[in-house]
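Have a look at the structure below before the remarks.
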There are 2 protein chains.
Amino acid sequence: MPYYQGVVRRVYGQYCGFARALELVGERWALMVVRDLMAGGPKRFRDLLRGLPGIPTNILAARLKEMQAAGIVRRRRLSRPNVVVYELTETGAALEASVMELGRWGAKLLGAPRRNEIITVDSLITALRSTFQPKAAKGVTIAYELSVGDITLHARIVRGRITVKPGPLPDADLSIQTGPAIRELLAGEVAPRDAVAKGLVAIRGNRKLLDLFAALFKI
Amino acid sequence: MPYYQGVVRRVYGQYCGFARALELVGERWALMVVRDLMAGGPKRFRDLLRGLPGIPTNILAARLKEMQAAGIVRRRRLSRPNVVVYELTETGAALEASVMELGRWGAKLLGAPRRNEIITVDSLITALRSTFQPKAAKGVTIAYELSVGDITLHARIVRGRITVKPGPLPDADLSIQTGPAIRELLAGEVAPRDAVAKGLVAIRGNRKLLDLFAALFKI
DNA sequence: CCGGATCCTCGGTGATACTG
DNA sequence: CAGTATCACCGAGGATCCGG
């Protein structure tokens, strides 16, 4: 008898890895929670709520319980400060390739922002990581600070390997300020030079590093 | 009939490629339909129903409409025979990497079959394709016929490139008959030799080709 | 404040019957 | 065969409440 019996109610009735994956993380909001835990590390209940506008508290609690039972998420109580955090288990972290791949697929269909759509740190972290082009980054070492609206994050690339984290990075090689136009830039719909000329993107640093940025991250 | 049927109403409120992906294919059954269209090519409504045990007809109809509206699925009327088939558009086919990756993730958690769980051709095709090891297949050319229960399919590998199709292949290099134990074999939980010895797997052909099979496909 | 639990409403899902 | 129609039910969404 599977360990998650009794937790998952919606099943697909197929003995199939793909079907099992959907049973475990296919419910509404589940993969969004995984994405945020993946992008920003351990998070408190309240932080997850903030990053997922519109999710009801009972649904978040339910998803967290289900994913704990499935061994995807771990609930941990920190001693100092005395708070509860949720984090991905190794099994949960193994969803990374799937999340990145789905993110790439969706990014191509993104189009212009709808009304009331917001941008969160974790979604941006995921976006940068999923659009990162390892081939173009061979041997590259550089640090970018990126601000989209009032969200700031930074990416460090060290010899072709990338890490993306929330927050500013004052000593970045290039600091980029932009808005939803970040999509056009990553999609190559506007050249970096034009983006700056049109005021879609503002930078602090060498503009050639913006060209590199557009080569390193591509939808 | 409400005219808005087919429009996505459950949104996530984030300007994010990953969120958009879930809005388009995150609803229940949607990716299962994609999987079957991906594995078996254009399909009739009835064929989709057969491959997805338990899906209500109205839900299948709704998903197909939604995915047509999203440009993921195309409805086409064949002239001879005069039937309607559904197929993936290029956008839909681009979900392949995501489906394979999720399938790999889920396969690791599959465990033993639950009661009443069935095995379908399309799930097996997906399983073989997602567990295929290109590195192990470098330069390999071989044809396998695989029967799991009463489902038969075949895989052709030509110079390391694989195609998997439903149905028998009488002139295959090796013909394999097995059951749910296929998972243990692909997971390496039982050695090919032992699988045959224990009667979990029966073969027609050279047993060394079964060793190769276990090397070519791995969970 | 935080981490939920509870209650209520609404709409989607699932099951089935039905029609062109 | 290819869906549509109907309806019971349950999970999502939204608000509020409560113990720590």
Side-chain angles (χ1 to χ4, degrees), chain A residues 6-14 22-33 36-37 42-69 73-87 116, chain B residues 1-14 19 22-33 36-37 42-69 73-87 116:
Chain A
V7 175
V8 177
R9 296 161 180 170
R10 301 283 255 261
V11 295
Y12 284 109
Q14 297 196 6
L22 292 187
E23 289 174 358
L24 293 174
V25 294
E27 304 253 320
R28 184 157 167 75
W29 291 110
L31 278 178
M32 292 291 283
V33 173
D36 279 15
L37 292 178
K43 274 193 157 52
R44 305 180 60 171
F45 192 90
R46 176 66 38 170
D47 297 329
L48 286 167
L49 277 182
R50 263 192 286 270
L52 302 172
I55 190 174
T57 60
N58 56 345
I59 297 298
L60 177 56
R63 291 294 166 273
L64 286 171
K65 273 185 187 163
E66 291 159 10
M67 291 198 287
Q68 282 174 73
V73 164
R74 179 168 37 237
R75 183 185 199 269
R76 196 150 55 96
R77 180 177 292 279
L78 300 183
S79 49
R80 210 176 59 79
N82 186 8
V83 294
V84 172
V85 294
Y86 295 89
E87 62 190 0
N116 300 331
Chain B
M1 176 183 48
Y3 73 92
Y4 50 80
Q5 189 173 0
V7 178
V8 177
R9 290 136 105 190
R10 297 283 253 262
V11 295
Y12 284 108
Q14 298 197 5
L22 291 187
E23 289 174 358
L24 293 174
V25 295
E27 305 253 319
R28 184 157 165 77
W29 291 108
L31 278 178
M32 293 291 284
V33 173
D36 280 16
L37 292 178
K43 275 193 157 54
R44 305 178 60 171
F45 191 89
R46 172 64 38 164
D47 297 328
L48 286 167
L49 278 182
R50 262 193 287 270
L52 302 171
I55 190 174
T57 59
N58 57 344
I59 297 298
L60 177 55
R63 291 294 167 274
L64 286 171
K65 274 185 186 163
E66 291 159 11
M67 291 198 286
Q68 283 173 72
V73 164
R74 180 167 37 236
R75 184 185 196 269
R76 197 152 55 96
R77 178 177 294 277
L78 301 183
S79 49
R80 213 174 54 79
N82 185 8
V83 295
V84 172
V85 294
Y86 296 91
E87 61 189 359
N116 300 331

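Heavy-atom basis, side chains included; hydrogens, waters and symmetry copies ignored. So that the names make sense, note that chain A is the first sequence line, chain B the second, and so on, each numbered from 1. All of these numbers come straight from a predicted model, not from anything done at the bench.
- The distance from atom CG of Leu60(B) to atom C1' of dG14(C) is 13 Å, rounded to the nearest whole Å.
- The existence of a salt bridge linking Glu27(B) and Arg63(B) is confirmed by a sub-4.0 Å separation between a basic side-chain nitrogen and an acidic carboxylate oxygen.
- Whole-Å rounding puts the Gln68(A) CD to dG3(C) C1' distance at 12 Å.
- For the pair Arg44(A) CZ and dC2(C) P, the computed distance is 6 Å after rounding to whole Å.
- Remark: P of dG14(C) and CE of Met32(B) are 12 Å apart, rounded to the nearest angstrom.
- Side-chain contact between Arg75(A) and Lys65(A): absent, with no pair of heavy atoms (C-beta onward) separated by less than 4.5 Å.
- Arg75(B) comes within 4.0 angstrom of sugar-phosphate atoms only, judged by non-hydrogen atoms across all strands, and of no base.
- Considering only side-chain N and O atoms, Arg46(A) lies nowhere under 4.0 angstrom from the phosphate OP1 or OP2 of dG4(C).
- In this model, the phosphate group of dG11(D) is not approached by any side-chain N or O of Trp29(A) to a distance below 4.0 Å at OP1 or OP2.
- In this entry the distance linking CD1 of Ile59(B) with C1' of dG11(C) reads 11 Å, nearest Å.
- In this structure, of dT13(C), dG12(C), dG3(C), it is dG12(C) that holds the atom nearest to the side chain of Arg10(B).
- Rounded to whole Å, the distance from CG on Leu64(A) to C1' on dG3(C) is 11 Å.
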Legend entry - Contact letters for nucleotides 15-20 of chain C, in which S counts primed atoms plus P, OP1 and OP2 and B counts the base, heavy atoms under 4.0 Å: BBB---
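- Of the candidates dG3(D), dG3(C), dT13(C), the closest approach to any side-chain atom of Tyr86(B) belongs to dG3(D).
- Looking only at side-chain heavy atoms (C-beta outward), Leu52(A) and Trp29(A) come within less than 4.5 Å of each other.
- No donor-acceptor pair under 3.5 Å is formed between the side chain of Glu66(A) and the backbone N or O of Ala30(A).
- Residues Leu49(A) and Arg44(A) fail the side-chain proximity criterion, which asks for heavy atoms closer than 4.5 Å.
- Which of dG4(C), dT13(C), dT4(D) sits closest to the side chain of Arg63(B) comes down to dT13(C).
- The side-chain tip of Arg28(B) points at the ring of Tyr12(A) from less than 6.0 angstrom away and within 45° of straight on.
- Proximity of Lys65(B) to the phosphate of dT4(D): a side-chain N or O atom is located under 4.0 Å from OP1 or OP2.
- Using a 4.0 Å cut-off between a side-chain N of Lys or Arg and a carboxylate O of Asp or Glu, Glu87(B) and Arg76(B) qualify as a salt bridge.
- Asp47(A) places its CG atom 13 Å from the P atom of dG4(C), with the value rounded to the nearest Å.
- Look at CZ on Arg76(B): it is 15 Å from P on dA2(D), rounded to the nearest Å.
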